[in-house]
Amino acid sequence: MIGHRFATNGAHFAFTDRWGGVSAVPYEELNLGGAVGDDPEAVRTNRARAAAALGLDPALVVWMNQVHGAGVAVVDGPWDGGAVPAVDAVVTTRRGLALAVLTADCVPVLLADPVAGVAAAAHAGRPGMTAGVVPAAVAAMAERGAEPGRITARIGPAVCGRCYEVPEAMRAEVAAVEPAARAETSWGTPAVDVAAGVRAQLARLGVTDVEDTGVCTLESGDHYSYRRDRTTGRLAGYVWLDREDA
Ligand SMILES: [Zn+2]
């Protein structure tokens, strides 16, 4: 259920795998995505189970309507009533509020500066990485008192650079924006390493505490991969700060 979990100075980071939920084939088992064709009741149950495993109130988990852009929303509570904003990063200064990002190959990036009390979650696929969604999230954190040198960044399961084959022209386009993302598949064709691009962006911003789960979603049978399976579920990454009274 919770494949990877990290905690540091009151900041918590967690990434799910695909097991421990109630979704039927082809979403088995712990699909957390609400827009992939799965039974909404199963998704609700799965979200409640994952929250329980993390000690979170499912009502205090903020989800995004991800659109492969670089938009950032600042939140201090669950979206009230209205539409969930179409953004690919969320930032909060509210302790105890969890921010969640959904992926199945794209790179989930969780960020926190526990000293400033600022957390962020970002969805960085190829378009989002090149559009700069992670630097945008870090900038929004900095506006709220975060310092890059104090930020902890955790990068979750995503398709790796040896598996993410793209046309030569697309690789050139990405590399023109972010040279570190230029990659080659294990079979020698053009590829993109989105996580490497994210790491390069973080390094330039002065974020040095960066760890990656090292899991390639396409290679791992324990994770969802859109490129491998097309119709499939979504993994989630969660970040939150301890409440003052915790
Ligand atoms: Zn791979």
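Ligands are counted one by one from 1 in listed order, and the atoms in each one are counted from 1 as well.
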Asks: If you draw a sphere of radius 2.8 Å around the Zn ion (ligand 1), how many protein N/O/S atoms end up strictly inside it?
Replies: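 For the Zn ion (ligand 1), the figure is 4.
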Asks: Sequence neighbours left out, cut at 3.5 Å: what donor-acceptor pairs do the side chains of residues 58-68 make with other protein atoms?
Replies:
residue : atom : partner : partner atom : Å
Q66     : OE1  : L102    : N            : 2.9
Q66     : NE2  : L102    : O            : 2.8

Asks: Test of understanding: with ring-ring contact (aromatic ring centres under 6.0 Å, His included), list the residues that count as partners of H12, not counting sequence neighbours.
Replies: W240
Asks: Taking D212 first and then R199, would you say they form a salt bridge - that is, a charged N and a carboxylate O separated by under 4.0 Å?
Replies: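 A salt bridge links D212 with R199.
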Asks: Should the pair R150-D113 be classified as a salt bridge under the 4.0 Å nitrogen-to-oxygen rule?
Replies: yes
Asks: Salt bridge or not between R126 and D193? Use side-chain N to carboxylate O under 4.0 Å.
Replies: no
Asks: Please tabulate, for side-chain N and O atoms in residues 43-50, each donor-acceptor pair with protein atoms closer than 3.5 Å (sequence neighbours left out).
Replies:
residue : atom : partner : partner atom : Å
R44     : NE   : E41     : OE1          : 3.4
R44     : NH2  : E41     : OE1          : 2.8
T45     : OG1  : E41     : O            : 3.0
N46     : OD1  : V22     : N            : 2.8
N46     : ND2  : S23     : OG           : 2.9
N46     : ND2  : E29     : O            : 3.3
N46     : ND2  : N31     : O            : 3.0
N46     : ND2  : A42     : O            : 3.3
R47     : NE   : L32     : O            : 3.0
R47     : NH2  : L32     : O            : 2.9
R49     : NH1  : G20     : O            : 3.1

